[in-house]
Structures are given as C-alpha cells and as structure tokens.
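Counting starts at 1 for both ligands and their atoms, following the listed order.
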Amino acid sequence: MDSQELGYTIKRHDLSTDKSLQPYSAADEYLLQRFNQLEPKPAHTAIYNDRFGFLGCNLNAYSPLIVLTQKSQEKAITANYEANGIAAPSFTNPLAALERPIDLALVKIPKSIALFQLFLEHIVQNSTPNVTVVCAFMLRHFTPNLLQVASQYFDVVEQSLAQKKARLLVLTQKKSTAPKELLTTLEYKGRQYKQYWGVFSLEHIDYATQFFLQHMQVTPADECILDLASGNGIIGNEIHQLFPSAEVHLMDDSLLAVESAKLNIQGENIHHHLNNDLSIFGDNTFDLIVTNPPFHFDYEINIQVPLQLFRESYRCLKPGGNLQIVANKHLNYKTHLAPLFSRVDILNEDGKFIIYRCVK
Ligand SMILES: C[S@@+](CC[C@H](N)C(=O)[O-])C[C@H]1O[C@@H](n2cnc3c(N)ncnc32)[C@H](O)[C@@H]1O
C-alpha cells in the first residue's frame with residue numbers, strides 16, 4: 001500500500017509483491033511528530049534506519065543525513081526521493097566517521113539490539129556534547145535490553161507516552177565512552193569468523209548454516225561460485241578452503257555483512273558485492289550458487305524476497321549449473337522451486353532443516 005504524509009507518497013520499493021506490508025509504521029509517525037514539535041530545529045540531524053524513506057522525505061527541508069546499512073534501503077529511499085521530486089540525500093553508514101557532528105539523531109529501533117548498539121556507538125562518537133537521540137519502537141517490540149543498552153551511552157533515558165501502540169525513548173546527556181571494537185568473533189572448525197554487531201547470527205554460527213556446510217555438494221568442476229546472501233562469508237570461505245582455485249563471489253544486502261566478509265575471506269579470485277538482487281551478474285555466469293537465504297526482515301517475515309532471488313539465480317546459472325539452498329522445512333520452498341528448475345533434489349534433511357539442490 002502507498003502511504004501519504006504531508007503530501008509525500010512513500011512506496012516500499014522492495015522485491016516483495018505482498019500488498020499488506022506497510023512502508024512505515026506508527027513509530028515512524030511518532031518520530032516525525034516529535035521532530036516537528038522541536039523548537040528551535042537542530043542544526044544537523046541524522047536519521048538512522050529509515051527503511052523506505054518516510055522520515056527522510058518528510059524532513060528533506062532540513063537536509064538530514066541518512067545513515068543506513070542496506071543497499072535495498074538506499075535504493076528504496078532514492079526511488080522515493082526521486083518519485084517525490086526531492087534531490088537525493090546524503091547517505092552514510094554507521095562504520096563511517098562523520099565530518100560534521102550531529103546534534104539530533106532520529107532512530108527507528110531495529111530488531112537486532114546489537115545493531116541498535118552499533119547506532120548508539122556511532123552517534124556518541126560523531127555528535128556534539130549536547131546531542132539528543134529520539135528512538136522509536138512499537139510497544140510489542142519492547143525489551144528491557146533497549147533501556148540497558150541506551151543507558152550504557154546516555155545518563156538520561158526517558159520513555160514517552162504510548163501513541164498508536166508506539167513509544168519513543170529520548171536519550172540525553174551522553175556519557176563519555178571510549179570507542180569500542182564493533183566486532184565479535186565466532187569459531188567454526190578452528191577458523192575464526194569476525195562480524196560487525198548486527199550481522200546475522202551474532203552468538204554462534206547459525207545451525208542451518210552448519211547443517212548446510214556438512215552436506216553441501218561442491219566439486220572441482222564448480223569453477224565459478226556465488227555465495228548468495230553471504231552474511232559474514234562463512235559458506236564462501238569454507239568452499240574457498242576446499243577449492244582454492246574456484247572464483248568465489250559473495251553478495252549481501254547488508255553493508256555490515258559485506259564488510260565482515262571482507263575481513264574473513266580475501267584473495268585474487270574472491271569478489272565481494274553489496275547488493276540486494278542479481279542484476280549485477282550476467283546470464284549463465286555461475287556453476288554453483290549456494291545460499292542460506294533471508295526470510296526475516298527486521299520484524300517482517302517475507303518469503304517473496306527469497307523466491308525472487310531463486311528466480312534470478314536460475315537466470316544466472318550456467319545450463320546444468322545448480323542452486324543449493326538450506327531452509328527451514330516449514331517454508332516448503334520445493335513447491336516454488338519445482339516449476340522453475342529442471343530438477344530439484346533433496347540433499348539432506350533433519351527435523352528442522354532441508355537442503356535442496358536445484359539443477360538448471
Ligand atoms: C540467513 S542469513 C545467512 C548469512 C550467511 N550466509 C550465513 O549462513 O551465516 C541471510 C542474509 O541475507 C542477507 N539479505 C537479506 N536480503 C537480501 C537480499 N535481497 N539480497 C542479498 N542478501 C540479502 C542478510 O543481510 C543476511 O546476511
């Protein structure tokens with residue numbers, strides 16, 4: 001559904017065709033309302049995690065800096081600015097130092113508390129001493145961890161009244177904290193994998209990924225391989241360790257994931273890509289595509305996105321090439337894969353996960 005506020009039309013611009021998903025929530029509206037009440041207006045505002053550009057478009061008169069982590073966000077926001085006749089905003093990401101300190105940050109709180117902490121870390125290191133941070137969340141998503149993390153960085157953490165089932169957290173009086181290392185390290189088979197806070201599966205290597213690594217089928221004939229939705233790059237790297245001469249491409253929508261993967265796998269035949277679709281690859285490029293595909297997007301579940309990635313994978317595979325997917329069984333991808341591919345086999349399954357091998 002398209003949505004309008006102050007005359008701007010905001011569309012989702014994502015890979016999904018699910019019309020019931022909204023481009024913004026009451027939490028975004030609450031943030032906008034709070035900004036509109038501020039007098040005087042802050043000199044330099046940054047917006048964190050504006051999914052489709054609702055806040056950026058509505059506040060464009062104040063030229064806010066847009067801090068984002070996903071390529072899909074950048075594309076959607078750019079498309080909404082363009083469609084509304086607004087000049088493109090300045091984008092940055094939470095790993096980049098800011099040239100000009102901010103005095104207001106508007107934060108749509110993400111599901112990942114680690115990502116929320118990464119945002120706060122960025123804000124405190126790149127702001128004026130009197131910075132105010134206004135964060136918004138839907139009441140059903142509240143966890144006490146939010147307050148705990150916020151109070152690591154700010155002396156004053158105030159909650160607003162609820163409005164349309166949304167609430168604000170207003171953070172003032174920042175503490176002086178030394179910059180932290182924004183990485184955690186996970187281990188798999190004696191190898192260390194680093195990843196930035198907020199990258200998929202922060203505590204341990206995902207169980208579906210582990211199941212996949214035990215049962216994937218890779219051969220020396222697989223000379224050109226794509227690790228699709230690569231996260232910290234573990235699947236691509238484990239394949240690289242087995243077949244060091246294969247060309248391995250790794251692609252993810254998340255800048256933090258791609259930057260993590262760069263720390264974990266490098267080489268002349270290793271190629272990192274930040275993107276949310278396969279338009280950057282030609283037809284008939286890959287012998288093998290491997291993936292533990294996304295279906296959770298913050299608080300949304302949406303299998304339209306992996307289904308679109310599977311359709312694009314078909315195009316990018318060489319004839320006879322194959323796509324190997326690990327998934328939760330209940331998602332029942334086989335019904336969607338069988339009409340697309342000439343053959344779909346099950347490589348392995350247990351009580352929870354299943355691995356498909358789909359041949360072009
Ligand atoms: C289930 S995780 C798998 C990560 C990694 N392969 C692993 O096994 O640990 C899915 C990944 O998909 C990424 N993602 C989400 N949407 C995407 C898209 N449209 N294109 C590429 N990657 C996407 C997420 O950022 C996340 O890193």
Any F295 heavy atom less than 4.0 Å to ligand 1: no
Minimum side-chain heavy-atom gap F243-D222 below 4.5 Å: no
Residue S254 vicinity, atoms of ligand 1 by number, heavy atom under 4.0 Å: 25 (O)
Taking atom 14 (N) of ligand 1 as the reference point, the nearest protein heavy atom with its distance: P294 CG, 3.7 Å
Donor-acceptor pairs under 3.5 angstrom involving side-chain atoms of residues 147-155: please list them, not counting sequence neighbours.
residue: S151; atom: OG; partner: L147; partner atom: O; Å: 2.7
residue: S151; atom: OG; partner: Q148; partner atom: O; Å: 3.1
residue: Q152; atom: OE1; partner: Q117; partner atom: NE2; Å: 3.4
residue: Y153; atom: OH; partner: Q117; partner atom: NE2; Å: 3.1
residue: Y153; atom: OH; partner: E121; partner atom: OE1; Å: 2.6

Proximal atoms of ligand 1 relative to T209 (non-hydrogen, under 4.0 Å): 7 (C), 8 (O), 9 (O)
Contacting atoms of ligand 1, where contact means under 4.0 angstrom from a heavy atom of N275: 20 (N), 21 (C)
Check: D252 N/O within less than 3.5 Å of ligand 1 N/O: yes
Atom indices of ligand 1, in the order listed, that fall short of 4.0 Å to a heavy atom of M251: 20 (N), 21 (C)
Electrostatic pair R315-E312, nearest N-O below 4.0 angstrom: no
Between H249 and F281, ring centroids under 6.0 Å: yes
Pi-cation contact, F35 with K41 (under 6.0 Å, within 45°): yes
Hydrophobic cluster of V359, others only, ordered by chain and residue number, side-chain cut-off 4.5 Å: none
Under 3.5 Å: N/O of A229 near N/O of ligand 1: yes
Sub-6.0 Å ring centroid separation between Y24 and F52: no
Residue F297 vicinity, atoms of ligand 1 by number, heavy atom under 4.0 Å: 15 (C), 16 (N)
N276-ligand 1 polar pair, N/O distance under 3.5 Å: yes
Ring centre gap for H141 and Y299 strictly below 6.0 Å: yes
Atom 3 (C) of ligand 1: the protein heavy-atom neighbour that sits closest, reported with distance to 0.1 Å: N292 O, 3.3 Å
Nearest-neighbour protein heavy atom for atom 5 (C) of ligand 1, which is reported as residue plus atom name and distance: S230 O, 3.4 Å
Nearest non-hydrogen protein atom, atom 22 (N) of ligand 1: D253 N, 3.3 Å
Validation row, ring centre F353 to ring centre Y207 under 6.0 Å: no
